[in-house]
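Below is one structure, written out as structure tokens; the observations come after it.
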Amino acid sequence: MLRKLLFILPSVIFLGVIAFSLWGLLSDRDPSAVPSALVNKPLPEFDLPPVEGMTGPGLSSAELADGEVKVINIFASWCIPCRAEHELITKLAEEHGVPVYGINYKDKPADARLWLAELGNPYRSIGADREGRVAIDFGVSGVPESYLIDGEGVIRFQQIGPIVGPDLEDKILPILEEIGG
Amino acid sequence: MRGLSACLLFVLALLSSGPLWAVNPDERLDNPALEERAREISKGIRCVVCQNQDIDSSNAELARDLRLLIRERLVEGDSNDQVESYLVARYGDYVLLKPPFKASTLLLWLGPFLLLLLGGIASAFYLRRRAAGVEEAATPAPLSAEERAKVQRILDQGGPG
């Protein structure tokens, strides 16, 4: 019995290696995706001034503690994928009525103002993160990123990269639904 | 002659070019001990933009921000571990180039030794069996009664045939 097992063992190991390799090649797993460490953690504390030359209070974590489900979108005028997702961010805010707040990441105020004037401003309010420090507290690896915040002020989902194509309908809206939006 | 000196110059240039660091002069701390610690920490922190590179050698802007952040925290009196856990809280274990030793990474750390152990056991078994086999071949089994009778017959007849 043991001898038979020993004969089969190499084939089993070989098949195991094949299966592992196929999983690596064929599954949807993206090895370059940065895992989210902040999901299910409360929003980091921050207090950002408004984009220079724009009216508005800026954005602070205290102000966001209002029991509402919301989306925080980190964007910059120099970021091309931000431009690509802008349409869906606008749709999220205007058609679906989800409160969207913006963090303007390392942007020149004039550029940010021009960008919003050109494409439209879907944000309830915008904080300017000139130094990029608040973005680090959010665990940002690049712009754009979006955070879905539940009524308790807990981060429930981190979208790394732009919201494009079917992302809004297939991913963002169902999660917002689930967390009570 | 010109060719030779050009060659020599090239070799000299190669020799004199040290490793290229991304840390800019304006980032360095005045305190050499703290600066040394900052360098040590940043060599173990993954650049989340460029990924398989540490932030010490990365030119990415986020890497620079993280380097400055590390230095700020050191100046404020954080220990190396505190700085690292500050980053891990934001980016997860992923930000450490050397994965921490814990339950979920046990196989990663011990796997090679496990394989070595398995291989060792397999080799030991194989070698013991082979040694036993050689011994068996060296001392043939004693003749059976039938064989003995046959040999005796041949000897009595004064040789085969």
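Reckoned from all heavy atoms, side chains included, excluding hydrogens, waters and symmetry mates. Per chain, numbering begins at 1; letters A, B, ... match sequence-line order.
Under a hydrophobic-cluster definition in which Ile, Leu, Val, Met, Phe, Trp and Tyr are linked whenever side-chain heavy atoms come within less than 4.5 Å, directly or via other members, A/Phe14 and A/Leu25 are assigned to the same cluster. Both B/Val83 and B/Val75 are members of a single hydrophobic cluster when ILVMFWY side chains are connected at heavy-atom separations under 4.5 Å. Criterion: ILVMFWY side-chain heavy atoms under 4.5 Å apart, direct or through other members. Under it, A/Met54 and A/Val100 are part of a common hydrophobic cluster. Linking ILVMFWY residues whenever their side-chain heavy atoms come closer than 4.5 Å, directly or via other members, leaves B/Leu97 and B/Phe101 in distinct clusters. Each of A/Leu173 and A/Val164 belongs to its own hydrophobic cluster when Ile, Leu, Val, Met, Phe, Trp and Tyr are linked at side-chain heavy-atom distances under 4.5 angstrom.
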Practice prompt. Apply side chain to side chain contact (heavy atoms under 4.5 Å, CB included) to A/Val140 and B/Val48, showing your working.
Written response: CA-CA 9 Å; A/Val140 156; B/Val48 284; over 6 Å; no
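For B/Val88, the part lying under 4.5 angstrom from a heavy atom of chain A is the backbone only. Of the two parts of B/Leu68, the backbone and the side chain both hold a non-hydrogen atom closer than 4.5 Å to a non-hydrogen atom of chain A. Proximity to chain A (any heavy atom under 4.5 Å) is shown, for B/Ala60, by neither the backbone nor the side chain.
Considering CG of B/Leu87 and CD1 of A/Ile136, their distance stands at 8.0 Å, rounded to 0.5 Å.
Taking a 6.0 Å sphere around CG of B/Leu107, one finds it holds 12 or fewer heavy atoms contributed by other residues, nucleotides or ligands.
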Write out the donor-acceptor pairs between chain B and chain A under 3.5 angstrom, atom names and distance to 0.1.
from	atom 1	to	atom 2	distance (Å)
B/Gln51	NE2	A/Ser32	O	2.6
B/Glu61	OE2	A/Lys106	NZ	3.1
B/Asp65	OD1	A/Lys106	NZ	3.1
B/Asp65	OD2	A/Lys106	NZ	2.4
B/Glu72	OE1	A/Arg133	NH1	2.9
B/Glu72	OE2	A/Arg133	NH1	3.1
B/Glu72	OE2	A/Arg133	NH2	3.1
B/Tyr86	OH	A/Asp137	OD1	3.3
B/Arg90	NE	A/Asp137	OD1	2.6
B/Arg90	NH2	A/Asp137	OD1	3.1
B/Tyr91	OH	A/Val140	N	3.4
B/Tyr91	OH	A/Val140	O	2.6

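When every heavy atom of A/Ala37 is checked against every heavy atom of B/Gly92, the shortest pair comes out as CB-N, 3.2 Å.
Between chain A and the residues B/Val95, B/Leu69, B/Leu66, B/Val49, the largest count of heavy-atom pairs under 4.5 Å involves B/Leu69.
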